[in-house]
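What follows is a set of notes on a single structure, which appears directly below.
Counting starts at 1 for both ligands and their atoms, in listed order.
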Amino acid sequence: MENGNLKLALQKKGRLTDKSLELLKNCGIDIENYSERLVVTSKNYKIDVLFLRDDDIPEYVQDGVADIGIVGENVIVEKKAKVTYLEKLGYGRCKLMIAAPENSLPKTVKDIDGKRIATSYPSILTSYLNENNLTAKIIEISGSVEIAPSLGVADLICDIVSTGNTLTMNKLKKSFSVFDSEAVLISANSKFEDDSKNEVLKDLLRRIRSVLTAKNSKYLMMNIPKESLKKISEIIPSLKSPTILSLADEKMLAVHAVIPSDKFWHIIDDLKREGASGILLLPIDNMIV
Ligand code: PRT
Ligand code: ZN
């Protein structure tokens, strides 16, 4: 299947699938009927998506079966894949953590010494133990690691934690953080031999970066009394200088600004205090930076 398209490996069915397809959609790339097929060619972009188990993605990218891939950092590091990080994508965030039964929590990391730890991440755990000069018996388990202590198979676990609900349900508590992860876009090298692929990747990265920047930003619109302009300009954490427009009412101005999404709730009271009214906060689809 050599059609000159960029081959992107995505998780076929799992936690990263929907978010990865949504990212492509926000980049203006259509991927249709993906659920039953291994390879889907986009109708409006020079890209073929290969749907794979997430565990296979780092190696497939490293070996050039796929040109680029999206996968959790935890999988890349565990598989010791030799790949380049092109972009961290901000979703699929989780932590690999050591957790213990509520009634026998280790107080310091030294208390782990000599214990049995169940995990699906033996390689990352081994590095962590070595860094901390600890010896422990690693019990490798491929799924449902959280039940190992109650079965008496292990004293502790080292597993992925997101909300922490799974730990709570199994009467376990977080003890130590081993590794922080999120979804990343990877490639084997930063350049391909085929120059047209380099062009597509350059364009794709530009689109992805613009979507990620836009996601963290909002478009703020409001009317303000003219005399508050200086104070309000100081309050707005604008990415660029705000746009100021005059209104029919000469005592008022309209102010438009792109602000970091998480700042809005911190500044809203200050804006109102300075007389801002008709405040609108709009999502931004894309932002070219
Ligand atoms: O079938 P395939 O092999 O492709 O998928 P998979 O089952 O191996 O992986 P999947 O879909 O579960 O996760 C894909 C990636 O999502 C992981 O490699 C992580 O990078 C990331 N991720 C983010 C998570 C979680 N959050 C997560 N919560 N991966 C797994 N979990 C599991 C965890 O193992 C534990 O069982 O969810 C449980 C804990 O969740 P909380 O929310 O209860 O703490
Ligand atoms: Zn997997």
Give the atom numbers and elements of ligand 1 that come within less than 4.0 Å of a heavy atom of C94. 19 (C), 20 (O), 21 (C), 22 (N), 23 (C), 26 (N)

Tell me, which protein residue and heavy-atom name are nearest atom 41 (P) of ligand 1, and how many Å apart are they? T163 OG1, 3.3 Å

Could you list the atoms of ligand 1 found under 4.0 angstrom from a heavy atom of N165? 43 (O), 44 (O)

Within a distance under 4.0 Å of any heavy atom of G72, pick out the atoms of ligand 1 and give their elements. 20 (O)

Starting from atom 35 (C) of ligand 1, which protein heavy atom do you reach first, and at what distance in Å? I160 O, 3.5 Å

Heteroatoms of the protein, restricted to N/O/S, which lie under 2.8 Å from the Zn ion (ligand 2): D54 OD1, D55 OD1

Nearest-contact summary for atom 1 (O) of ligand 1 - protein heavy atom, Å: R53 NE, 3.2 Å

Relative to ligand 1, is L16 under 4.0 angstrom through side chain, backbone, both or neither, heavy atoms considered? side chain

Can you list the atoms of ligand 1 that are under 4.0 Å from a heavy atom of T166? 38 (C), 39 (C), 40 (O), 41 (P), 43 (O)

For atom 8 (O) of ligand 1, find the nearest protein heavy atom and state the residue, atom name and distance (0.1 Å precision). D54 OD1, 3.3 Å

Could you check atom 32 (C) of ligand 1 against the protein and tell me its nearest heavy-atom contact, residue, atom and distance included? R15 NH2, 3.2 Å

For V75, the atoms of ligand 1 under 4.0 Å from one of its heavy atoms are 18 (O)

When Ile, Leu, Val, Met, Phe, Trp and Tyr are grouped by side-chain heavy atoms lying under 4.5 Å apart, directly or through other members, which residues fall in the same group as L247? M252

Quick one: look up the protein heavy atom nearest atom 20 (O) of ligand 1 and list residue, atom name and how far away it is. N74 OD1, 2.7 Å

Name the option, out of D159, V71, I157, that contains the heavy atom nearest to atom 34 (O) of ligand 1. D159

Quick one: look at L167 and ligand 1, take heavy-atom pairs under 4.0 Å, and tell me if it's side chain, backbone, both or neither. neither

Protein residue, atom and distance nearest to atom 7 (O) of ligand 1, heavy-atom basis: Q11 NE2, 4.8 Å

Hey, which atoms in ligand 1 end up nearer than 4.0 Å to a heavy atom of V161? 44 (O)

